[in-house]
Amino acid sequence: MTQAARNVFVASRLPKRAGVSGWVATLASRTPRPALNGSVIADVAIIGGGFAGLSAARRISRLDPGVRVAILEAGVVGEGPAGANSGFIIDLPHEVSSDDFSGESEARFRQSVLIQRSAIALASEMAAENGWGKDIFDPCGRYSVAISAEGDKHLEDYAQQLSKMGEAHRLLTLREIRAVTGSPVYTSGLFTPGTVIVQPAAYIRGVADCLKEPVALYERTPALSFERLGTGWFVKTPQGSVQAAKIIMANNGHAESFGFFRGRLLHVFTYASLTEEFDPSRLDGERKWAATPALPMGTTVRRIGTSGGDRILVRSRYSYNPGIEISDAAIRRAGRLHDSKFSQRFPTLGGVRMQYRWAGAMALTRNHVPAFGEIERGVFAACGCNGLGASNSTASGIAAAELALGHESELGRVYTRLAAPTALPPQPFTTIGAKAHLAYREWRAGPE
Ligand SMILES: Cc1cc2nc3c(=O)[nH]c(=O)nc-3n(C[C@H](O)[C@H](O)[C@H](O)COP(=O)(O)OP(=O)(O)OC[C@H]3O[C@@H](n4cnc5c(N)ncnc54)[C@H](O)[C@@H]3O)c2cc1C
């Protein structure tokens, strides 16, 4: 790298919206914070207003309420992946009985639990402070659901792992899981009580809107470039600039758009659809539940009961998109898959249509570690969510904030000991490999 390349980092691309999330569309409107217009001085500039960026800002304000923070969010808070996901803030390693999980050592399991529960602790603190109701933040736990003999076996194996680790859980028989979901297809279930279920757009808006001076949030304000200025950094935006001593990159896969972690991040999209409201009497079972699939590549389903009627969320399909953008056609294709998963699971809801469809970007690493740490003097990364950003990116944001402020904690020690993301094979091998791997794992997930 040349000297100039190390001193100036220019965004080669900016995030693009992928459909309108039903979570945002069904909320009351919110006035975004104004875009940055002019020059500001801050102690820390945070690039990205998702789980990582907003959690970093929250942690900084807790550690030292005098630190001036400027958060730059390219879009509108809640409209990016952090507000568009399925809303599971999961407390346990998620790869339920995947090949990877069964070999996982106890130490790695404990480490994941520490990371994920640190995120839940921060989120719970904010929920309590702000009096968020269960429509926004519900510590109700999660079901894992099976639909095949292979899925049943995975849940049993996972339950055994949890027993070994002393983690609370309950296996549900076919009859019991059907009584929860009202769906005739599920063959068994596993309940774990520690997951928090959020309305993701409402949650992430809530996190943003409870940040107070001297934390400033600028929406519709992409960071276009940053360069060294004395001992700090000068960040340019379309109509202004931030001069800051430190930067936290909390823009997930778009860290690569600034030249960081090149060839180390796998840009994968996943897709969701949300039904129109239906009369709750058309579906037996509980009116609110959230279920992830027994096999990691399967289909996530939630039922959301409201006073106006109920809705079902279906999340399924992964695609590898190295340009970090997808077409409307890709959303439509995933939508057809969602429709078939939905009608198979809920035959009594014939005629209920999907009202919203969308997708969102995730950044995975080959060795499942975050893209974390001080990547240039005074520039800290909290990126590479590995698909579980509600907990992992929240925790990365906390750890990056602590690292930037020189605060020591157990979480920080865990993060600084993590390996760096390993290099992906050169192109076109990564594309061929990623597409083949996703297709194979989706096929393995079968009906799940
Ligand atoms: C449909 C779907 C369902 C999912 N379900 C779950 C789930 O249930 N549980 C879970 O844990 N995870 C889930 N995920 C994954 C989760 O949403 C992501 O892992 C998470 O959003 C990552 O958080 P983050 O803060 O790291 O990044 P993001 O949420 O992507 O936030 C990064 C932000 O940076 C901004 N940005 C990028 N470039 C710039 C720039 N140059 N200047 C300023 N801002 C910039 C973006 O606009 C974005 O808002 C799901 C994802 C999708 C799409």
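Note that ligands are numbered from 1 as they come in the structure, with each ligand's atoms numbered from 1 the same way.
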Original post:
Which pair of non-hydrogen atoms, one from Gly194 and one from Ile120, has the smallest distance, and what is that distance?
Top reply: O-CD1, 3.6 Å
**OP:** Give the minimum heavy-atom separation between Arg366 and Leu424, together with the two atoms involved.
**Re:**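 Heavy-atom minimum between the residues: CB-CD2, 4.0 Å.
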**OP:** Check the pair Ser183, Tyr186 against side-chain contact (heavy atoms from CB on, under 4.5 Å), reporting the backbone distance first and the verdict last.
**Re:** CA-CA 6 Å; Ser183 166; Tyr186 295 124; 3.8 Å; yes
**OP:** Quick one: look at Ala250 and ligand 1, take heavy-atom pairs under 4.0 Å, and tell me if it's side chain, backbone, both or neither.
**Re:** backbone
Between ligand 1 and [X], is the shortest N or O to N or O distance under 3.5 Å?
X: Pro81; answer: yes
X: Ala390; answer: yes
X: Ala223; answer: yes
X: Ala82; answer: yes
X: Phe51; answer: yes

Original post:
Does ligand 1 have an atom that lies less than 4.0 angstrom from a heavy atom of Ala11?
Top reply: no
Original post:
Below 4.0 Å from any atom of ligand 1, is there a heavy atom belonging to Phe258?
Top reply: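 Distance cut 4.0 Å: Phe258 passes for ligand 1.
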Subject >> Note, Glu79 side chain near Arg17 side chain (heavy atom, < 4.5 Å) >> reply: yes
Run the salt-bridge test on [X] and [Y] with the 4.0 Å N-O cut-off and return the result as yes or no.
X: Glu219; Y: Arg30; value: yes
X: Glu213; Y: Arg68; value: no
X: Arg357; Y: Asp339; value: yes
X: Arg220; Y: Glu73; value: no
X: Glu256; Y: Arg262; value: no
X: Asp310; Y: Lys288; value: no

Option with minimal heavy-atom separation from [atom], where the choices are [options]:
atom: atom 26 (O) of ligand 1; options: Gly387, Ser225, Ser393; value: Ser393
atom: atom 39 (C) of ligand 1; options: Thr195, Leu54, Asn251; value: Asn251
atom: atom 19 (O) of ligand 1; options: Ala56, Ala74, Gly389, Ser391; value: Gly389
atom: atom 49 (O) of ligand 1; options: Arg13, Glu73, Met249; value: Glu73
atom: atom 5 (N) of ligand 1; options: Pro222, Ser86, Ser12; value: Ser86

Subject >> Full working for side-chain contact (heavy atoms from CB on, under 4.5 Å) between Val69 and Asp43 >> reply: CA-CA 6 Å; Val69 178; Asp43 299 302; over 6 Å; no
At less than 4.0 angstrom from any non-hydrogen atom of [X], what atoms of ligand 1 do you find?
X: Pro15; result: 36 (N), 37 (C), 38 (N), 46 (C), 47 (O)
X: Phe88; result: 7 (C), 8 (O), 9 (N), 10 (C), 11 (O)
X: Leu14; result: 41 (N)
X: Gly87; result: 8 (O)
X: Ala84; result: 1 (C), 2 (C)
X: Ile47; result: 40 (C), 42 (N), 43 (C)
X: Gly48; result: 33 (C), 34 (O), 35 (C), 44 (N)
X: Leu72; result: 43 (C), 44 (N)

Closest protein heavy atom (residue, atom, distance) for [atom]:
atom: atom 52 (C) of ligand 1; answer: Thr270 CG2, 3.3 Å
atom: atom 27 (O) of ligand 1; answer: Asn252 CB, 3.5 Å
atom: atom 14 (N) of ligand 1; answer: Asn85 CB, 3.5 Å
atom: atom 31 (O) of ligand 1; answer: Gly50 CA, 3.6 Å

Original post:
Does Ser86 reach the main-chain N or O of Phe88 with its side chain, forming a donor-acceptor pair under 3.5 Å?
Top reply: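 No, Ser86 side chain to Phe88 backbone: no donor-acceptor pair under 3.5 Å.
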Original post:
With a 3.5 Å cut-off and no angle check, do the side chains of Thr270 and Arg315 form a donor-acceptor pair?
Top reply: yes
Original post:
Does the pair Arg417 and Gln111 meet the rule for a side-chain hydrogen bond (donor to acceptor under 3.5 Å, both in side chains), with working shown?
Top reply: CA-CA 11 Å; Arg417 281 200 304 264; Gln111 183 175 289; 5.1 Å; no
Original post:
Run the ring pair (Phe, Tyr, Trp, His ring centres under 6.0 Å) check on Trp132 and Tyr203 step by step: do they pass?
Top reply: CA-CA 9 Å; Trp132 293 336; Tyr203 170 79; 5.7 Å; yes
